[in-house]
Enquirer: 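This is the structure I want to talk about, given as structure tokens.
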Amino acid sequence: MKYDHKAIEKKWQDEWDRRSAFVAKNDYTLPKYYALVEFPYPSGQGLHIGHPRPYTAMDIIARKKRMQGYNVLFPIGWDAFGLPTENYAIKNKIKPQIITERNIATFKRQIKSLGLSFDWSREINTTDPSYYKWTQWIFIQLFKHGLAYKKEIAVNFCTSCKVVLANEEVVGGVCERCGGEVVRKVKSQWLLKITDYAQRLIDGLADLDFIERVKTQQINWIGRSDGAEIKFGTSAGDEIVVFTTRPDTLFGATYMVMAPEHTLVEKWISAGIIKNADEVRAYQAQAARKSDFERTELQKEKTGVRLDGVVAINPANGVSIPIFISDYVLATYGTGAIMAVPGHDTRDWEFAKKFGLPIVQVVADSSGAEVDVESGAYTETETGVLVNSDYLNGLSVEDAKKKIVEVLGEKGLAQPKVNYKLRDWVFSRQRYWGEPVPMVWCEKCGWVPLPEDQLPLLLPDLDEYEPTDTGESPLAKCEEWVNTTCPKCGGPGKRETDVMPNWAGSSWYFIRYCDPHCDNALASPEAVKYWMPVDWYNGGMEHVTLHLLYSRFWAQFLYDIGVLPYSEPYLKRTAHGMILGENGEKMSKSRGNVINPDDIVEEYGADTLRLYEMFIGDFEKAAPWSPASIRGCRRFLERVAALPELISGEGVTPELERDFHKTIKKVTLDIDNMKFNTAIAAMMTLLNKINDTGRLTKDEFATFITLLCPFAPHLCEELNQTVLGSSELISLAKWPEWDESKTVDEEVEIAVQINGKLRGTLVIPMGAEQAAVVAAVRADEKFAPMLEGKTVIKEIYVPNKLVNLVIK
RNA sequence: GCCGGUGUGGUGGAAUAGGCAGACACCCGGGACUUAAAAUCCCGUGAAACGAAAGUUUCGUACCGGUUCGAUUCCGGUCACCGGCACCA
């Protein structure tokens, strides 16, 4: 058969559509399988050559599961709210709705050209009011349960996008999206209390089949620290509470540091206690001006100001110690104040050196010997032993931690405490192209959520989307929309003008797929119970601390309020590696190494592109694009297309039959382990063997194209129809099974070693006994002379692999 | 600095409950077919040395060392690169 991919591919894509081949069945008695890929943001650039990699991988898994008899849900949709579309709208004076529609059309055409077995009847779009109605509904539930609240906070503000960013969106001190400068600004924002779920988000990971690097990255991001809170008295009468993970070192605390924003500073200045108030104010102002970027840049040199006129008292020994403010102490973590132990903390040591503060050693090495804390902090905790610490002397660090909290705890001065790095999720964006927050401000009632029958709260149709210079949302200009009545008291009210971040819609989309047209719930409880949780979710590493964490948080919340019957949405999570440019660098316009998938589909066909993206290397690792290598995949498919010429009526050959069983086993297991590259290599090897054999049976040919079908479905459908004369879809055929006994060869070639060095090979019957193998080696004309006159002092035999004779 | 990952031919990559390193493919070289080229097919292809040849030997999985009959795989140390976090007390 001449392999004309252009004629074949469109034909079968249409045929799959016509027969609704991949539509998931709503028969909840069938065994189900839910395979999920991260739905794309339909950007103006069109599909990236990286997209087909995870899509094809999950497509192969979905197709194989379907062929194995599962009712498979493999859905797709569009995560379409977001800044790039809005920025494009501003620049080109086109409505975001229209741009989004266009981009989706392009993406859809491109994705369809790849022959992915998505269930298009369940296509969703986060910007569709029937979808974001339920995003808004979830927000209201969060509000009703006290998990959404509005607060004046210092937020990350991108000066270029003019928008507030979540901590997760600030990368290296600059805006993740545009690279613009990020400054801190105080604004009233909606926040979601993800911190309430910090521990559950850690604990939940234990039983999930997530790849290890995803788990550790989430755990590190949540950042649990076990320690204690300790109260320090002051000469001003107020108490300073600190959080520390090293309460054992309390006797070594020689000064204290508070964040410049700490409320006590303000209180003491107003009370006239602080004598150098001007200096303190100047430092506060300077710290507030610094952007995150400057803070990290300037971190080498410690700065700070001593509060003159007030001292603290170390509760362990009653010693008076000075108090400083410094921006190396963060207002947002712990209590915003620390006890400084310069002998055993690197940061405190640097600060103490700079300000000439005393450095006291309270931990010695395991032998109890003094260590030098003048030239650097001693931070060893495993083997350290306490010294200069009264009743803690001689204890290990671990024991001392417990003891001191116990002793001070009795006086009410200390208690165990757990802290997390995770902060609440800043949920407001002062932009246009997002879900409106369904809340009304009423002077009398405060913030009031819209009643459910007023959802969705539609995004008004504007002509101007520019954010204002004050950082207010463009919606604020739309007075007829802003001014409304309070749903509670009927008095005048004003709508919230900020919109949700683009992480909102993607935090629950996998639930909507279960029942995408449901109009009285996120999805019907029966559908959710049947389809959820997602059996296998593949996505990028870049979403581990954002989307993946946020969506687990929402799922846990929805479980708590009885909407989801499972608290964890995804059973299994894997991550794909990036496709890099030919030069091994990340693909980008500026580097000029971008490959357009349309060109590849046009020249080689979708089947070749699919095959190549799976063959390129280890699925989890990044791999450079190679225009030369892709030809090898095309050649393989051409040889497959030529295979029918070899079909003969003669029976199977036992050797080839064994090769088939081995290949079925290998491909089946490799797909389950995402080892697509070796699965393809196995099929290539089998094809080479068929060509060497020179003939194969019709059944064997059918088996071959069934195995290959998930990888190159168009060609296999065509061969199934034209060569085998089938009117059924091979995409829905039964997956081949192997007979274990037929995967075993009768004879096997083993390695023969003498003194651990390879000396040759020997063919022996499969499963031969050690004595027989050694005898065969001794009798062999090649090995016998090597053994002559020597004594064998040890025989090592690994069945069917190797024999090693140690001689003297 | 901390956490995680990765280092294998000219290239992408195989092979680790320790057991014939380099599967499969790309590139390259030689040959067949062709007036010629492309395509296709066949053969070769880690390096070095010896040999007329079949072949033989030595070296070789970032580097140094250890355990073992045997190490790409395990252990200790070093270096390089990639990703994440980063004054989190």
Side-chain angles (χ1 to χ4, degrees), chain A residues 171-173 211-221 223-225 227 242-247 249 253 257 259 295-296 298-300 302 326-330 332-341 344-348 350-351 419-423 541-542 544-545 575 577-578 580 582 584 586 611-612 615-618 620-633 635-636 638-639 642 675 677-688 691 749-762 793-807:
Chain A
V171 174
I211 53 171
E212 217 43 49
R213 56 195 175 122
V214 169
K215 284 192 184 183
T216 52
Q217 221 176 95
Q218 286 207 341
I219 289 168
N220 290 346
W221 183 262
R224 180 189 162 115
S225 295
V242 304
F243 172 74
T244 177
T245 55
R246 294 295 305 278
T249 61
V257 188
R295 274 203 176 193
T296 49
L298 297 171
Q299 76 186 46
K300 297 144 211 154
K302 295 272 182 292
S326 170
D327 63 7
Y328 88 89
V329 171
L330 308 173
T332 47
Y333 183 76
T335 61
I338 62 155
M339 64 181 216
V341 185
H344 305 285
D345 181 281
T346 316
R347 297 151 301 178
D348 297 343
E350 286 167 11
F351 191 88
N419 257 314
Y420 301 89
K421 282 189 223 173
L422 187 71
R423 319 262 174 91
M541 281 309 287
E542 70 274 21
V544 167
T545 54
M578 266 196 298
L580 304 171
E582 220 182 314
K586 202 171 162 177
L611 202 67
Y612 176 60
F615 189 62
I616 194 166
D618 185 336
E620 294 209 351
K621 289 187 199 134
W625 181 263
S626 163
S629 295
I630 193 169
R631 275 179 235 133
C633 291
R635 269 178 218 152
F636 169 69
E638 278 169 4
R639 284 194 284 255
K675 304 194 78 165
N677 52 341
T678 51
I680 293 166
M683 288 187 281
M684 287 173 168
T685 305
L686 180 60
L687 180 82
N688 292 343
N691 282 329
E749 192 184 58
I750 65 162
V752 178
Q753 294 185 346
I754 291 172
N755 287 343
K757 282 219 175 260
L758 182 69
R759 290 297 160 188
T761 59
L762 195 65
I793 54 173
K794 196 169 182 184
E795 292 174 6
I796 292 118
Y797 178 57
V798 183
N800 305 324
K801 288 258 179 182
L802 161 148
V803 61
N804 182 15
L805 300 178
V806 185
I807 63 172

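Each chain gets a letter, A, B and so on, in the order the sequences are listed, and its residues count up from 1. Every heavy atom of this structure was used, including side-chain atoms; hydrogens, water molecules and symmetry mates were not.
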Enquirer: Spell out yes or no: do the side chain of A:Q217 and the base of B:rG83 have one donor N/O and one acceptor N/O closer than 3.5 Å?
Expert: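 Counting by modelled atom types and ignoring angles, no donor-acceptor contact under 3.5 Å is found here.
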
Enquirer: A:D618 has an atom CG; how far is it from atom C1' of B:rU8, in whole Å?
Expert: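 Whole-Å distance recorded here is 14 Å.
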
Enquirer: Expressed in angstrom and rounded to an integer, what is the separation of A:W221 atom CH2 from B:rC2 atom C1'?
Expert: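 Rounding to the nearest Å, CH2 of A:W221 and C1' of B:rC2 are 15 Å apart.
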
Enquirer: Short question: side chain of A:Y612, backbone of A:S626 - any donor-acceptor pair under 3.5 Å?
Expert: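 Flag set: sc A:Y612 to bb A:S626 pair under 3.5 Å.
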
Enquirer: Mind checking the P distance from B:rG18 to B:rG76? Whole angstroms is fine.
Expert: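 Their P atoms lie roughly 16 Å apart.
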
Enquirer: Nearest to the side chain of A:R759 - B:rC41, B:rU57, B:rC26?
Expert: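 Closest of the options to the side chain of A:R759: B:rU57.
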
Enquirer: Mind checking the P distance from B:rU56 to B:rG77? Whole angstroms is fine.
Expert: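 42 Å, rounded to whole Å.
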
Enquirer: I need the A:K586 NZ to A:L580 CG distance, nearest 0.5 Å.
Expert: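 The CG atom of A:L580 is 9.5 Å from NZ of A:K586, to the nearest 0.5 Å.
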
Enquirer: Rounding to the closest angstrom, what is the interatomic distance between B:rU40 and B:rA25 at atom P?
Expert: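 One P to the other, the span is 14 Å.
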
Enquirer: Mind checking the C1' distance from B:rC28 to B:rG9? Whole angstroms is fine.
Expert: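 B:rC28 and B:rG9 have their C1' atoms separated by 13 Å.
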
Enquirer: Which of the following nucleotides, B:rA23, B:rG19, B:rU40, is nearest to the side chain of A:I796?
Expert: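 Looking only at side-chain atoms, A:I796 lies closest to B:rG19.
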
Enquirer: Measure the distance from CD1 on A:I680 to P on B:rA25 and round it to the nearest whole Å.
Expert: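 Checked: the CD1 to P distance equals 12 Å.
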
Enquirer: Which nucleotide in the list B:rG4, B:rC87, B:rC69 gets nearest to the side chain of A:R213?
Expert: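 Minimum distance to the A:R213 side chain belongs to B:rG4.
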
Enquirer: Please tell me which of the listed nucleotides, B:rG12, B:rA14, B:rC69, lies nearest to the side chain of A:F615?
Expert: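 Of the candidates, B:rG12 comes closest.
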
Enquirer: The side chain of A:T245 is closest to which nucleotide in this list: B:rA89, B:rA21, B:rG13?
Expert: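 Selected nucleotide (nearest to the side chain): B:rA89.
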
Enquirer: Can you figure out which of B:rA89, B:rC3, B:rU6 approaches the side chain of A:K621 most closely?
Expert: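 Between B:rA89, B:rC3, B:rU6, the one nearest the side chain of A:K621 would be B:rU6.
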
Enquirer: Side chain of A:N688, heavy atoms from C-beta onward: which of B:rC24, B:rU40, B:rA89 has the nearest atom to it?
Expert: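 Per side-chain heavy atoms of A:N688, the pick is B:rC24.
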
Enquirer: Can you check the distance between B:rG65 and B:rG5, where both ends of the measurement are the C1' atom (answer in whole Å)?
Expert: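 Rounded to whole Å, the distance is 24 Å.
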
Enquirer: side-chain contact (heavy atoms from CB on, under 4.5 Å) with A:N804: which of A:I754, A:I796, A:L758?
Expert: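 Answer to the side-chain contact (heavy atoms from CB on, under 4.5 Å) test with A:N804 among A:I754, A:I796, A:L758: A:I796.
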
Enquirer: Taking for each residue the nucleotide of RNA chain B bearing the nearest heavy atom, is the 5' side occupied by A:K801 or by A:G334?
Expert: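 Result: A:K801.
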
Enquirer: Report the base-pairing partner of B:rC69 (Watson-Crick or G-U wobble, both distances below 3.5 angstrom), or none.
Expert: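 Here B:rC69 is engaged in a pair, and the nucleotide opposite it is B:rG19.
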
Enquirer: Assign A:E212 to base, sugar-phosphate, or nothing according to its heavy-atom contacts below 4.0 angstrom with the strands shown.
Expert: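 The answer is nothing, as A:E212 stays clear of every strand by at least 4.0 Å.
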
Enquirer: Which part of the nucleic acid does A:R639 contact within heavy-atom distance under 4.0 Å: base, sugar-phosphate only, or nothing?
Expert: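 Answer is sugar-phosphate: A:R639 comes under 4.0 Å of backbone atoms only.
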
Enquirer: Expressed as a whole number of angstroms, how long is the span from A:N677:CG to B:rG12:P?
Expert: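 Rounded to the whole Å, the gap is 14 Å.
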
Enquirer: Determine whether a donor-acceptor pair (N or O, by modelled atom type, separation under 3.5 Å) exists between the side chain of A:T678 and the backbone of A:A681.
Expert: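 Side chain of A:T678 to backbone of A:A681: no pair is present.
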
Enquirer: Would B:rG5 be called syn or anti, given that syn covers angles within 90° of 0?
Expert: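 That one's anti.
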
Enquirer: For B:rA53 versus B:rA48, give the span between their P atoms, rounded off to a whole number of Å.
Expert: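 Result for the P pair: 16 Å, nearest Å.
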
Enquirer: Applying side-chain contact (heavy atoms from CB on, under 4.5 Å), run through A:T761 and A:V752 and close with a yes or a no.
Expert: CA-CA 5 Å; A:T761 59; A:V752 178; 5.8 Å; no

Enquirer: Give me the distance, rounded to whole Å, that separates B:rA37 from B:rU73 when you measure between the C1' atoms they each carry.
Expert: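 Each nucleotide's C1' atom is 49 Å from the other's.
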
Enquirer: Measure from the side chain of A:S629, starting at C-beta and using heavy atoms only, and say which of B:rC26, B:rA89, B:rA14 lies closest.
Expert: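 Looking only at heavy atoms from C-beta outward on A:S629, the closest nucleotide is B:rC26.
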
Enquirer: Nearest to the side chain of A:V798 - B:rG19, B:rA14, B:rC24?
Expert: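 For A:V798, the side-chain atoms sit closest to B:rG19.
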
Enquirer: Distance check, C1' atoms only: B:rG66 and B:rU11, in whole angstrom units.
Expert: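 Comparing C1' positions in B:rG66 and B:rU11 gives a spacing of 34 Å.
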
Enquirer: 5'-most contact on RNA chain B: A:Y612 or A:Y420, nearest heavy atom basis?
Expert: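 Upstream on the strand: A:Y612.
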
Enquirer: Does A:Y420 have its ring centroid less than 6.0 Å away from the ring centroid of A:W221?
Expert: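 No, they do not, as the ring centres are separated by 6.0 Å or more.
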
Enquirer: Select base, sugar-phosphate, or nothing to describe what A:A622 touches, counting heavy atoms under 4.0 Å on all strands.
Expert: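 It contacts sugar-phosphate atoms only.
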
Enquirer: Whole-Å distance between B:rC59 P and A:L758 CG?
Expert: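 A:L758 atom CG is separated from B:rC59 atom P by 13 Å.
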
Enquirer: Hey, does A:T761 reach any base, or is it just sugar-phosphate, or nothing, if we go heavy atoms under 4.0 Å?
Expert: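 The answer is base, as A:T761 lies within the cut-off (heavy atoms under 4.0 Å) of a base atom.
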
Enquirer: Has A:N755 got a side-chain atom pairing as donor or acceptor with A:I807's backbone, closer than 3.5 angstrom?
Expert: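 Checking the backbone N and O of A:I807 against the side chain of A:N755, a donor-acceptor pair under 3.5 Å is found.
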
Enquirer: Only pairs with both distances under 3.5 Å count, Watson-Crick or wobble alike; so what is the partner of B:rU40 in this structure?
Expert: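 Checking every strand shown, B:rU40 finds its partner in B:rA32, with both distances under 3.5 Å.
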
Enquirer: With hydrogens left out and only the distance checked, is there a donor-acceptor pair under 3.5 Å joining A:K302's side chain and the base of B:rC87?
Expert: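 Yes.
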
Enquirer: Rounded to the nearest angstrom, tell me the gap between atom CE in A:M541 and atom P in B:rU6.
Expert: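 In whole Å, B:rU6 P lies 12 Å from A:M541 CE.
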
Enquirer: Taking only the side-chain heavy atoms of A:T244 (C-beta and beyond), determine which of B:rG19, B:rA89, B:rC87 contains the nearest atom.
Expert: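 Side chain of A:T244 sits closest to B:rA89.
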
Enquirer: In this structure, how many angstroms lie between the P atom of B:rG60 and the NZ atom of A:K757, rounded?
Expert: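 Taking atom P of B:rG60 as the reference, NZ of A:K757 is at 9 Å.
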
Enquirer: Between B:rA89 atom P and A:L330 atom CG, what is the distance in whole Å?
Expert: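 Nearest whole value for this atom pair: 10 Å.
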
